[in-house]
Amino acid sequence: MSQSAHPGVHRWLSHGGLHAEIYDDPFRPGAKILSMGGYEQSHINLADPTQIAYEYLARVANLLDEFRPGQPLSVAHIGAGALTLARYVGVKRPGSVQVAVEIERELMDFVFEELPLPAAAPVRVVINDAADALAQDLADEVFDVVFVDIFTGWDSPAHLATAEFYKQVKDHLAPDGILLLNVGDDPPLTFAATQVKYLDELFEHVYLSTSQDMLTKRYPGNMILMATDKSWSSDSLQSARQRGPHPGVLLSGAELDFLS
C-alpha cells in the first residue's frame with residue numbers, strides 16, 4: 001500500500017531519498033505506524049510502549065526479558081526507526097541508559113516531533129554511520145546489549161554485514177553482554193547463514209529465534225540472532241521460547257546446521 005493511501009504526516013529523508021510517513025494503525029486504537037518509502041518500518045503504541053506488534057521485535061523483547069531480569073541495562077540500538085524497542089526497555093527497565101545510532105537525521109527529528117518518547121525512556125541519538133559511530137562517537141562506551149536492526153538480506157549495507165563489523169560491536173560489549181540482530185532473508189537463507197558463520201567465529205554461543213516455518217527454508221522472513229560469550233541456561237531459553245510468538249523455535253549449536 002502506498003504512503004498516499006494514509007492521512008498521515010510526511011517527511012522527506014534526504015540521506016536515503018525516501019518519504020517517511022507516520023499514520024494511525026486502523027486496527028489498534030492509539031497505535032501508530034512509521035513507514036519509509038511506502039513500507040512499514042516501525043509500530044508503536046504511545047499509550048502502552050510495552051505492546052509489541054511485530055513478531056520479530058516481540059522475539060527480541062522476549063530474549064531481553066530473560067537477560068538480567070528486572071535490572072537496568074545499557075543498550076545501543078543500531079538503526080533507530082521509531083525507537084519501539086527503546087521505549088519498551090525504558091518502561092520495563094527503569095534507569096536504563098540507551099543510545100540510538102541512526103544515519104537519517106530527518107527521521108529522528110520526525111520521530112521525536114510526532115512520537116515523543118515517554119519520560120521514563122530517554123534515548124541519546126547519534127547521527128552517523130553505524131561503524132563510524134562505534135569507532136568515533138561511542139569509542140569508549142561499553143553496553144550490555146547491542147541491537148542491530150538494519151539487515152534485509154543482501155540489500156543490507158555491505159560494510160555492516162561483515163565479521164569486521166561484528167568484531168567492532170563485540171569490542172563494545174560487556175563480558176556477559178549480548179549482540180542481537182534482526183536478519184531478514186529470502187530462500188534459501190544464504191545471507192542468514194553467512195551472518196551465523198561470522199558470529200560463530202567470534203562468540204562462544206550463538207542462538208536463533210524465529211518462526212517454525214523458517215526451518216523449511218521455503219519462505220522469506222525474519223530471524224533473530226543472539227551472540228554472547230556467556231551461555232544461557234536451558235530454563236532461560238525455554239522461558240523466552242514459551243513467551244512466543246507461536247509457533248516458534250529457539251535454536252543453538254548444531255541445531256543451526258539447517259542453514260548450511
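As the structure is a computational prediction, the values presented were derived from the model and not from experiment.
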> Are the side chain of S239 and the backbone N or O of D235 linked by a donor-acceptor pair below 3.5 Å?
Replying inline: no
> So, for L34 and A20, which heavy atoms are closest and what is the spacing to 0.1 Å?
Replying inline: CD1-CB, 4.3 Å
>> With rounding to the nearest 0.5 angstrom, report the CD1 to CG distance, I150 to L160.
In response: 4.0 Å
Table please: side-chain donor-acceptor pairs of residues 78-93 below 3.5 Å, with sequence neighbours left out.
residue	atom	partner	partner atom	Å
T84	OG1	H43	O	3.2
R87	NE	A82	O	2.9
R87	NH1	L115	O	3.2
R87	NH1	P116	O	3.1
R87	NH2	A82	O	3.0
R87	NH2	L115	O	2.7
Y88	OH	D65	OD1	3.0
Y88	OH	D65	OD2	2.7
R93	NH1	F67	O	3.2
R93	NH1	R68	O	2.9
R93	NH1	Q71	O	2.8
R93	NH2	L64	O	2.7
R93	NH2	F67	O	2.8

> What is the distance from atom CG of L134 to atom CG of D129, rounded to the nearest 0.5 Å?
Replying inline: 9.0 Å
> Where do L63 and Y207 land on the side-chain contact (heavy atoms from CB on, under 4.5 Å) test, with the steps shown first?
Replying inline: CA-CA 10 Å; L63 288 166; Y207 304 93; over 6 Å; no
> Using the ring of each side chain (for Trp, its six-membered ring), is Y166 parallel, tilted or perpendicular to Y198, with breaks at 30° and 60°?
Replying inline: tilted
> Taking atom CG of D132 and atom CD of Q168, what is their separation to the nearest 0.5 Å?
Replying inline: 8.0 Å
> Which heavy atom of M223 sits nearest a heavy atom of D185, and at what distance?
Replying inline: CE-CB, 4.0 Å
>> Filter on side chain to side chain donor-acceptor pair (under 3.5 Å), then keep only pairs touching residues 245-260, sequence neighbours left out; what's left?
In response: none
> Salt bridge check: are D25 and K32 linked by an N-O gap of less than 4.0 Å?
Replying inline: no
> Do L189 and F191 belong to the same hydrophobic cluster, where Ile, Leu, Val, Met, Phe, Trp and Tyr are linked whenever their side-chain heavy atoms lie under 4.5 Å apart, directly or via other members?
Replying inline: yes
>> Tell me the closest heavy-atom pair linking I33 and Y54, and the distance in Å.
In response: CG2-OH, 4.4 Å
> Does the N45 side chain pair with the main chain of A47, one donor and one acceptor, at a distance under 3.5 Å?
Replying inline: yes
>> Taking the basic N atoms (NZ, or NE/NH1/NH2) and the acidic carboxylate oxygens, is any pair closer than 4.0 Å for E113 and R11?
In response: yes
> Residues in salt bridge (charged side-chain N to carboxylate O under 4.0 Å, His left out) with D137, at least two apart?
Replying inline: none
>> Can you give me the closest heavy-atom contact between Q212 and V249, atom names plus distance?
In response: OE1-CG1, 3.1 Å
>> I need the minimum non-hydrogen distance between K230 and D176, along with the two atoms involved.
In response: CD-CB, 3.7 Å
>> If you compare all heavy atoms of D186 against all heavy atoms of P220, which two are closest, and at what distance to 0.1 Å?
In response: OD1-CB, 3.1 Å
> How many angstroms lie between atom NE2 of H172 and atom CD of E141, to the nearest 0.5 angstrom?
Replying inline: 8.5 Å
